[in-house]
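Just below is one structure, and these are the notes that go with it.
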Amino acid sequence: MEEKLNLTILIVDDSSVSVSLLETVLLKEGYQVITANSGPRARKLAVEKRPDLIILDIMMPEEDGFEVITRLKKNARTASIPVVFLTGKDDLEDKLSGFNLGAVDYITKPFQVAEVLARVRLHLKLSIATNSLITSQTNKLRQLEKAQTSMLTTPEQLPKANFSVYYSTFLEAGGDFYDVFQISEDMFGYFVVDVSGHDIATSYITAAIKALLKQNCNPIYQPQESMRMINDVLVEILSDTTYLTACYAKLNRKKKTLTIVNAGHPPVIYLPKKGEPRLIDVDGDILGMFKEVYYGQQDIKVSPGDRFFLYSDGLIEKPALKKVWSECLPEVLEACSNIKDTPTQGLALELACLMIDKTCKPEDDIVVLGVEV
Amino acid sequence: MNFSELAENIGLEEDEFVELVELFVETSTSHLERLQSAIDKGNTQQAVEAAHYVKGAAGNLGFTGIYDLSKAIEEKARQNIFEGASEALKAIRDRYDQIVEVLRWKKS
């Protein structure tokens, strides 16, 4: 039985003439159309009706298009809806701002109807393709029964990633896991995960994560997009009580940028060659629990010799002292400033030694990744 | 002013186009008045907004004369220049009146 594909498009423009024109031509093509003449109205409709695509005018009084996109992207319910915006012909700046805020495309005004239709079709197709990609990845992972064991990447296997690792598991079915992988010639990904809930074999989850990273971390996707794709699949394959926190850092050595996405995980520590260590705090939902999620993303400029650390909460939590990880961040920052001169290959171990209280038994897995740019 | 040609350019039937033109005429009246008073008072913000509205609506319907004129007013007003704006607005009104005329004829 084939389900009828109903595609809804939300048109947002303060000009009723533009709205009617777009509405007329889109209706003719068989789309469902909803319209809004202001930003707040548009956001309300987007949440209620979940359109498949939004066409958004930039220049509107009160709340302009940039403000609307920003808010749509911050709201988990609307973050994944593709937005195409309408802008004046010569406003290069507007176009760039729109892309930076997460728009997928723009249409210049006055627009040609044929162009509007072509772009609408293209972005709907892309959106459908992405969704079916998620479905097919989910199906593949469901078939993955036996997980390989030794699949933790070692620094020796990938010397160009220039990292060191400390990995200690508390129980044999450890809930922590990391991966380091090459995305392209000068691009590397670093990923640390902490699995909560113990009802599925953790080895299955680690295998699944490994596969998902391979499929979704590539030069085309922004890290926040990769994280969202991974979440969408995990939601389907994990049980209701299992979720993950994770942190993903993508390092581009050529462009000297470090991009960080965080899914409810302790913040990355950035230790510049010259200067004090600091935390890179990025907002983001946990993985595998909610269908609608938001991931912030932070890009920072880095220089050769700079270091950064990804780690699991086991490193900084002190259950014996009843301290949760957020309370222990000053301590770990201090520890980092003491290992400035430690060579790269000793970074992770050194940090772990400084942080772990030898007097009490560890009660959690610990992963530390230390990376040098 | 050939409505059926303009309609074909955007890929609409003529009756659909006529409906949009009616909407254009209806909504533009107040913006043209706002534009006039903004020019008289030298109110930059209001002039830019009103001219921008008229420009957008006219551009999409293929009323290139009105589009070019309101674009010019908007760009000048952004730099706080109102010289020649009244003349440009008068030229817009002439074209606007023509559209109203054609519309009336179409509806009768």
Side-chain angles (χ1 to χ4, degrees), chain A residues 9 11-31 33 35-39 55-67 84-95 98 106-121, chain B residues 3 5-32 34-35 38 43-75 77-78 96 99 103:
Chain A
I9 298 168
I11 304 168
V12 190
D13 196 325
D14 61 316
S15 158
S16 48
V17 176
S18 300
V19 169
S20 296
L21 172 55
L22 288 170
E23 186 178 17
T24 310
V25 297
L26 291 170
L27 281 172
K28 268 191 178 177
E29 296 293 312
Y31 301 113
V33 178
T35 66
N37 58 9
S38 74
I55 300 178
L56 173 65
D57 186 31
I58 291 298
M59 193 154 162
M60 293 189 292
E62 316 279 317
E63 186 175 318
D64 70 9
F66 295 131
E67 173 87 35
V84 173
F85 63 96
L86 297 170
T87 173
K89 222 187 287 177
D90 314 312
D91 303 329
L92 178 63
E93 237 156 83
D94 279 7
K95 290 169 194 164
Y106 63 84
I107 295 169
T108 52
K109 293 210 289 188
F111 46 77
Q112 298 294 319
V113 168
E115 187 191 350
V116 173
L117 294 177
R119 290 192 192 274
V120 163
R121 263 195 299 272
Chain B
F3 276 16
E5 205 173 287
L6 288 170
E8 207 186 308
N9 286 344
I10 11 184
L12 292 181
E13 299 297 322
E14 193 175 343
D15 56 333
E16 291 167 336
F17 184 75
V18 168
E19 271 181 42
L20 288 175
V21 177
E22 281 183 299
L23 190 61
F24 168 74
V25 167
E26 229 170 80
T27 53
S28 298
T29 316
S30 66
H31 288 282
L32 289 175
R34 267 166 49 105
L35 184 54
N43 183 335
T44 304
Q45 173 77 12
Q46 190 180 323
V48 169
E49 276 175 20
H52 182 84
Y53 183 94
V54 176
K55 178 186 83 174
N60 283 329
L61 295 180
F63 297 143
T64 46
I66 297 180
Y67 173 80
D68 291 337
L69 289 160
S70 43
K71 185 166 180 244
I73 297 178
E74 182 189 347
E75 279 165 9
R78 269 186 209 284
Y96 177 84
I99 293 169
L103 203 54

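Each chain gets a letter, A, B and so on, in the order the sequences are listed, and its residues count up from 1. Keep in mind it's a predicted model, so treat the numbers as computed, not measured.
Taking the side chain as every heavy atom from C-beta outward, Asp14(A) and His52(B) never approach each other to under 4.5 Å. Side-chain contact between Val113(A) and Leu12(B): absent, with no pair of heavy atoms (C-beta onward) separated by less than 4.5 Å. Taking 4.5 Å as the limit, some side-chain heavy atom of Tyr53(B) sits within range of a side-chain heavy atom of Ser16(A).
With rounding to the nearest 0.5 angstrom, the CG atom of Leu22(A) is 7.0 Å from the CG atom of Asn60(B).
Within a 6.0 Å sphere centred on CD of Glu29(A), other residues, nucleotides and ligands contribute more than 12 heavy atoms. Atom CD of Glu115(A) is surrounded by more than 12 heavy atoms from other residues, nucleotides or ligands within 6.0 Å. Residue Tyr106(A) places its OH atom among 12 or fewer non-hydrogen atoms of other residues, nucleotides or ligands, all under 6.0 Å distant.
Residues from residues 13-21 of chain B that place a non-hydrogen atom less than 4.5 Å from a non-hydrogen atom of chain A comprise Glu13(B), Glu16(B), Leu20(B), given in numerical order.
Ser15(A) approaches Ala57(B) most closely through the heavy-atom pair OG-CB, 4.3 Å.
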